[in-house]
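First listed ligand is number 1; within each ligand, the first listed atom is number 1.
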Amino acid sequence: MNVRNCVKCGKIFNYITGVPMCPACKSDLEDQFQVTKKYIRDNPHANIAQVAEECDVSIKLIHQWVREERLIFAEGSAIGIECELCGKTIRTGRFCEQCKHDIQHNLDGAYDKKSAIQKLKDDKVKNKMRYLNKDNMR
Ligand SMILES: [Zn+2]
Ligand SMILES: [Zn+2]
């Protein structure tokens with residue numbers, strides 16, 4: 001039996017998989033998620049701080065849900081999060097369309113996806129700096 005402490009309330013429970021959280025906290029979290037989702041749907045122009053306050057959830061948690069593509073912000077909504085690679089504002093997930101494309105392109109056959117993404121990220125940062133330097137020389 002795999003027994004763990006719940007990350008939220010500290011209670012001991014039978015750990016199965018995923019986030020080490022007891023069933024009670026998990027269902028609390030699910031309730032919060034539903035509330036947040038509804039609030040975003042009803043208030044498409046609320047910003048992330050507003051959502052966090054109104055729904056009593058942390059901004060970090062909202063970000064996490066967006067990264068997991070569980071929450072999607074409406075087009076034109078005040079809320080967006082940054083693409084993990086290039087920093088462009090996106091509505092859901094981890095990467096913008098362009099970066100998703102780049103990743104797919106670069107990761108075909110890559111066997112360590114994590115470091116391949118890191119490399120892509122480094123390349124993008126380097127590219128950005130190169131552009132900046134070019135501008136400075138003009
Ligand atoms: Zn708990
Ligand atoms: Zn991007």
Side-chain angles (χ1 to χ4, degrees):
M1 205 157 54
N2 192 358
V3 179
R4 296 272 285 268
N5 284 88
C6 169
V7 287
K8 224 177 150 204
C9 68
K11 254 197 317 228
I12 290 171
F13 70 105
N14 284 332
Y15 178 72
I16 305 164
T17 179
V19 187
M21 202 181 274
C22 74
C25 289
K26 254 192 190 150
S27 90
D28 274 1
L29 198 68
E30 190 54 34
D31 289 348
Q32 279 187 319
F33 172 72
Q34 295 303 337
V35 168
T36 307
K37 195 172 155 186
K38 187 173 179 305
Y39 182 81
I40 287 172
R41 203 178 47 216
D42 296 343
N43 304 275
H45 297 293
N47 65 37
I48 211 157
Q50 253 172 303
V51 176
E53 197 178 321
E54 290 294 323
C55 305
D56 198 22
V57 293
S58 70
I59 289 178
K60 208 177 131 204
L61 198 55
I62 297 174
H63 277 194
Q64 187 194 316
W65 285 331
V66 178
R67 294 284 187 218
E68 289 169 354
E69 300 194 14
R70 295 186 70 192
L71 282 184
I72 300 177
F73 296 118
E75 200 59 52
S77 145
I79 315 174
I81 57 167
E82 290 182 354
C83 165
E84 284 183 20
L85 277 183
C86 70
K88 207 162 99 179
T89 305
I90 52 174
R91 302 285 168 223
T92 192
R94 298 175 60 197
F95 308 109
C96 69
E97 287 306 314
Q98 178 62 47
C99 290
K100 258 190 214 162
H101 177 87
D102 288 355
I103 289 167
Q104 225 152 41
H105 194 75
N106 277 270
L107 260 56
D108 268 353
Y111 106 127
D112 184 355
K113 288 196 196 302
K114 211 169 169 184
S115 61
I117 288 179
Q118 186 57 48
K119 191 184 165 297
L120 207 60
K121 199 170 177 176
D122 291 346
D123 284 352
K124 279 189 191 271
V125 172
K126 252 184 253 158
N127 269 334
K128 228 185 249 171
M129 302 230 268
R130 204 151 51 216
Y131 288 135
L132 288 179
N133 286 340
K134 234 192 272 170
D135 282 346
N136 285 341
M137 278 194 283
R138 255 182 234 142

Smallest heavy-atom separation, Glu54 atom then Tyr39 atom, equals CG-OH, 3.2 Å
Report, rounded to 10°, the angle at the Zn ion (ligand 2) between the two atoms SG (Cys96) and SG (Cys86).
-> 110°
Check ion pair Glu30-Arg70 (N to O, under 4.0 angstrom) | yes
For the Zn ion (ligand 1), angle spanned by Cys6 SG and Cys25 SG (nearest 10°) is 110°
Do the ring planes of His101 and His105 sit parallel (below 30°), tilted (30 to 60°) or perpendicular (above 60°)?
-> parallel
SG (Cys83) to the Zn ion (ligand 2) to SG (Cys99) angle, given to the nearest 10 degrees | 100°
Give a yes or no on whether a salt bridge exists between Arg67 and Glu84, defined as a side-chain N under 4.0 angstrom from a carboxylate O.
-> yes
